[in-house]
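Following: one structure in structure tokens, then a few remarks.
In the text below, chain A, chain B and the rest are named by the order of the sequence lines, each starting its count at 1. Predicted model only: the values in this text are computed from it and were never measured. These values consider heavy atoms only, across backbone and side chains, with no hydrogens, waters or symmetry-generated copies.
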Amino acid sequence: MFLNQTTHWLTQAFEKVYGLTTDPKQLLLSPTKKEFEGDFTIVVFPFVKELKISPEAIGEAIGTFMKENDADIIDFNVVKGFLNMTYSDDFWIRIAKNIPIGSYGTFPKNGKKVMVEFSSPNTNKPLHLGHIRNILLGWSCTKIFEANGYEVIKTQIINDRGIAICKSMLAWKIFANGNTPSSTSIKGDHFVGEYYVRFEKEFKLEYEGFQYTDMGIAVFEKNKKEGQDFDSFFKEYKNTYFNTYSQLGAEAKQMLLDWEAGDPNTIELWKQMNQWVYSGFDTTYNTLGVTFDKVYYESDTYLLGKDAVQYGLTKNVFYKKEDESIWVDLTDVGMDHKIVQRSDGTSVYMTQDLGTAMMRYKDFQVDNMVYTVADEQDYHFQVLFEILKRLGEPYADGLYHLSYGMVELPQGKMKSREGTVVDADDLIAEVIAEAQNNTIERGEVAEMSIEEQNATVKKIGLGALKYFMIKVQPKKRMIFDPKESVDLQGQTGPYIQNAYVRIKSILRKNDSTASNFDKYLSLQPQEKVLMQLVMEYPNVISQACKDYDPSSVANFAYSLAKEFHKFYHDVRILGAESEEAKSFRLHLCNIISDILQRSMATLGIEMPERM
RNA sequence: GGCCCCGUAGCUCAGCUGGAUAGAGCAACUCACUUCUAAUGAGUAGGUCUCAGGUUCGAAUCCUGACGGGGUCACCA
């Protein structure tokens with residue numbers, strides 16, 4: 001948008017010199033690489049074929065025209081097919097003056113409404129590392145949408161029902177002796193999680209005991225596959241055992257039936273345990289700085305979708321088999337047959353999701369819905385979106401699965417059975433403690449009040465953790481090394497925070513109020529590089545939205561911080577060689593601190609004023 | 001096996017709507033704090049961009065195929 005004038009003159013140049021009408025896409029300018037002279041570059045290769053003239057000759061002719069006609073361009077050079085143009089200092093100063101500090105890179109309201117779903121935990125366990133990636137992605141996505149002019153509704157669907165929570169409930173009933181989170185001083189979600197683990201432990205004991213009973217041995221002999229040994233058989237048989245012989249399994253299943261029947265005692269216990277979990281989640285969300293506008297509960301939605309199924313039948317989107325189960329045939333688009341209602345008339349996961357999507361549209365009339373869910377569910381969402389399209393839902397073209405790769409540890413996948421799951425609260429505490437260790441001896445921080453110190457350390461620790469996770473493209477699998485996540489140097493959140501803090505320190509020390517740099521006519525290369533980055537920022541924000549990709553914002557913020565650090569090192573700001581230079585550099589500092597602060601806010605990362 | 005995603009420096013990642021000699025950080029080694037915050041900067045070293053074809057003036061980027069890694073193919077969620 002700052003280069004419209006250049007594009008205009010380039011169009012004129014091709015028109016006047018060669019009588020050629022150009023497509024604006026062919027006239028895209030890019031910042032000139034550091035090794036070459038110039039500020040912005042256009043590639044003339046694409047015109048060679050049409051004009052049957054050498055690239056060098058085209059570059060020379062167009063460059064000459066531009067230098068003569070476009071007042072901004074004071075010089076040019078041609079290297080092979082690249083026309084590098086040098087801009088006047090007036091140009092840079094005009095751009096710098098026109099940056100709207102405070103709102104730069106935010107777009108006007110576009111009248112569209114988008115719902116973004118993220119986090120969506122189960123209520124039987126605390127949040128873990130995988131949830132953190134999900135939450136950070138979803139959250140920054142909402143911020144990116146807002147910057148692009150959307151109205152955003154942040155939501156999560158809580159999986160608050162089912163056999164898992166019944167396991168926790170049962171274990172609590174049997175083993176807790178009436179203990180509660182407050183009586184034990186354990187955070188609610190962890191408290192409930194402990195009973196889930198307890199159930200699994202007790203179940204395992206029961207199962208191992210069963211295997212050597214007469215009945216267990218008989219089951220093995222009857223059901224084993226050809227040549228299968230005892231241990232591998234029972235490894236596979238676990239689920240079947242849970243559903244058939246297990247006493248604990250039977251009790252948990254009975255609890256689920258009681259819940260579905262609305263048994264008051266069961267419902268009361270269920271509500272109580274979920275409440276504990278929610279208060280625990282709230283603490284974690286609060287620490288991470290995320291909020292939701294609307295919460296859906298699976299207990300409210302798990303029966304939804306039956307109307308949709310009936311509607312789909314009448315529209316011949318679905319078909320019924322002889323056993324009364326209902327299916328959809330997606331083979332014509334390279335997918336499969338998929339069940340949408342069981343033969344006993346009950347809903348499956350897909351049905352719930354159909355119903356929930358419809359409910360959300362009814363609630364908010366959104367144009368778009370974004371589902372932040374790990375990539376193991378890629379196929380599920382392909383199917384879901386295809387069905388919604390076939391049902392003719394009005395928002396069907398505005399659906400997006402924000403799919404992300406699993407988080408793995410250096411030693412491999414997280415496995416709850418092996419106790420390698422990284423707990424969200426533990427991790428957060430760890431990064432903050434690490435920030436504390438590295439901060440305590442620094443003079444700046446020592447002067448602060450305790451409250452201010454704590455707030456700063458929290459911003460730094462969380463900044464490190466969040467940046468570490470969000471800088472990776474969503475769809476890529478991620479290796480999470482806890483040691484690296486607390487790094488405060490290099491390409492990290494704190495490095496970017498430090499650039500901001502350095503600016504703030506300068507601005508605090510500045511006592512001159514005059515601001516006039518019209519006559520500053522000796523721009524430094526470091527200043528031009530910074531301005532080139534500044535000019536890109538709105539594109540970064542709009543592209544991140546189109547791509548659903550916060551990592552591009554994270555990488556941009558790093559580039560800007562890096563160039564600022566270099567500028568800071570090479571060029572005096574408060575001690576500049578002239579009043580005009582000082583004034584311009586202070587203005588540039590204001591622009592950069594604004595962009596750093598708001599681009600990082602987009603990622604859910606707060607900036608300290610000192611560190 | 002079918003389909004989907006990934007493969008870039010020792011490690012973690014950018015670059016991918018085709019453009020100049022493929023970039024950062026970490027780790028290793030040097031150097032720079034009487035100077036606006038050294039959580040910084042400068043430098044050295046590190047690459048058959050998994051491989052093979054193809055398209056193109058030009059390919060890490062697009063197409064095809066192999067190889068390697070992951071995911072998914074339930075009347076589970």
Side-chain angles (χ1 to χ4, degrees), chain A residues 25 28 30 32-33 35-36 41 43-46 48-49 55 79-82 84 122 159 162-164 239 298 302 321 323-327 334-336 338-350 352-353 374-380 382 403 405-406 408 410 413 435 438-439 442-444 460 464 468 471-473 475-481 483-485 487-499 501-510 543 546-547 551-552 554-556 558-559 561-562 564-576 585 589 610-611:
Chain A
K25 276 184 214 141
L28 287 179
S30 51
T32 304
K33 303 233 172 201
E35 312 87 85
F36 300 94
T41 296
V43 185
V44 299
F45 279 115
V48 170
K49 196 182 254 178
V79 181
K80 293 192 268 182
F82 299 88
N84 305 316
N122 297 317
N159 301 300
I163 194 70
N239 270 330
E298 203 203 347
Y302 81 110
K321 282 193 182 176
D323 64 0
E324 297 289 305
S325 61
I326 299 173
W327 296 72
M335 291 184 250
D336 239 323
K338 183 81 193 174
I339 191 161
V340 292
Q341 192 173 100
R342 294 191 189 98
S343 49
D344 63 6
T346 56
S347 294
V348 293
Y349 179 42
M350 187 63 69
Q352 287 179 43
D353 273 3
D375 64 4
E376 59 191 347
Q377 295 199 40
D378 283 356
Y379 182 68
H380 172 78
Q382 276 183 42
S403 167
M406 294 292 200
E408 292 177 21
K413 290 183 193 170
N438 285 282
T439 299
R442 294 176 67 86
E444 277 295 329
I460 295 168
F468 185 76
K471 72 173 182 187
V472 180
Q473 269 177 33
K475 71 175 174 183
K476 298 223 180 173
R477 232 164 87 218
M478 184 171 120
I479 313 282
F480 184 90
D481 187 337
K483 286 203 295 290
E484 283 179 33
S485 75
D487 272 354
L488 309 174
Q489 271 115 27
Q491 188 181 358
T492 64
Y495 173 95
I496 300 168
Q497 290 172 326
N498 184 231
V501 162
R502 283 176 140 186
I503 294 177
K504 287 290 157 178
S505 173
I506 287 173
L507 296 177
R508 276 194 301 271
K509 291 197 166 95
N510 172 46
Q543 195 60 44
K546 287 179 191 128
D547 296 340
S551 75
S552 57
N555 285 299
F556 172 83
Y558 172 68
S559 304
K562 186 176 163 57
F564 176 78
H565 278 304
K566 184 169 168 49
F567 166 71
Y568 178 90
H569 180 266
D570 293 350
V571 178
R572 303 260 82 203
I573 299 166
L574 291 175
R585 286 168 197 166
C589 281
R610 300 159 191 265
M611 64 194 287

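- Straight-line distance between the P atoms of B:rU12 and B:rG70: roughly 15 Å, to the nearest whole Å.
- Between B:rA38 and A:R502, a contact under 4.0 Å exists linking OP1 or OP2 to a side-chain N or O.
- Using a 4.0 Å cut-off, no side-chain N or O of A:K509 falls inside it from OP1 or OP2 of B:rC36.
- Taking 4.0 angstrom as the limit, A:R572 places none of its side-chain polar atoms (N or O) nearer than this to OP1 or OP2 of B:rU35.
- The residue A:K49 sits close only to the backbone: its heavy atoms come under 4.0 Å of sugar-phosphate atoms, none of a base.
- Note on A:R442: every side-chain N or O is 4.0 Å or more away from OP1 and OP2 of B:rA38.
- When the C1' atom of B:rA77 is taken as reference, atom NE2 of A:H380 falls 9 Å away, rounded to whole Å.
- Using a 4.0 Å heavy-atom criterion, one finds that A:Q497 contacts no nucleic acid atom at all.
- Look at the P atom in both B:rG23 and B:rA45: the space between them is 14 Å, to the nearest Å.
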So what is the 5' to 3' dot-bracket string for RNA chain B, if pairs are Watson-Crick or G-U wobble with both distances under 3.5 Å, crossing pairs use [ ] and | means the partner sits on another strand? (((((((..((((.....[...)))).(((((.......))))).....(((((..]....))))))))))))....
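- Annotation: B:rG10 and B:rU50 have their P atoms spaced 13 Å apart (nearest Å).
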Can you give one letter per nucleotide of nucleotides 5-12 of chain B, 5' to 3': B if a protein heavy atom sits under 4.0 Å from the base, S if only from the sugar-phosphate, - if neither? SSS----S
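- As judged by a 4.0 angstrom heavy-atom cut-off over every strand, A:V501 is placed among the base-contacting residues.
- One P atom belongs to B:rU48, the other to B:rG43, and the distance between them is 24 Å to the nearest Å.
- One donor-acceptor pair, N or O on each side, does fall under 3.5 Å between the base of B:rA39 and the side chain of A:T439.
- Side-chain contact between A:P494 and A:M611 is present, with at least one heavy-atom pair separated by less than 4.5 Å.
- When heavy atoms are screened at a 4.0 angstrom cut-off, A:S403 is found touching no nucleic acid atom at all.
- Residue contacts for A:V340: at a heavy-atom cut-off of 4.0 Å it reaches no nucleic acid atom on any strand shown.
- On the P atoms, B:rC76 is 35 Å away from B:rA66, given to the nearest whole Å.
- Across all strands shown, A:T346 has no heavy atoms under 4.0 Å from either base or sugar-phosphate atoms.
- Nearest-nucleotide positions on RNA chain B place A:E35 closer to the 5' end than the other of A:E35 and A:D487.
- Residue A:P46 is classed as a base contact, given a heavy-atom separation below 4.0 Å to a base.
- Using atom C1' as the reference point in both B:rA59 and B:rG2, the two lie 30 Å apart (nearest Å).
- A residue-by-residue look at A:K566 and A:F82 shows that A:F82 has its nearest nucleotide of RNA chain B further toward the 5' end.
- Within the structure, every side-chain polar atom (N or O) of A:Q489 is placed at least 4.0 Å from both OP1 and OP2 of B:rA38.
- Contact annotation for A:D547: no contact, since no heavy-atom pair falls under 4.0 Å across all strands.
- Residues passing the side-chain hydrogen bond (donor to acceptor under 3.5 Å, both in side chains) test with A:D353, sequence neighbours excluded: A:H380.
- Across B:rA9 and B:rA22, the matching C1' atoms stand 11 Å from one another, rounded to whole Å.
- Going from the C1' atom of B:rU35 to that of B:rG41 covers 14 Å, rounded to whole Å.
- Contact annotation: A:R610 does not reach the phosphate of B:rA39 (side-chain N/O to OP1 or OP2, under 4.0 Å).
- Stacking of the aromatic ring of A:F45 onto the base of B:rG19 is found: the ring centres lie under 5.5 Å apart and the planes are inclined by under 30°.
- When the side-chain nitrogen and oxygen atoms of A:Y495 are compared with OP1 and OP2 of B:rG41, one or more of them lie within a distance under 4.0 Å.
- Counting only heavy atoms from C-beta on, A:K413 has its side chain closest to B:rG71 among B:rG71, B:rA20, B:rA77.
- Residue A:I460 is in base contact, counting any heavy-atom pair closer than 4.0 Å across all strands shown.
- Atom CD of A:Q382 and atom P of B:rG71 are 17 Å apart (whole Å).
- A donor atom on one side chain and an acceptor atom on the other are not found under 3.5 Å apart for A:D487 and A:T492.
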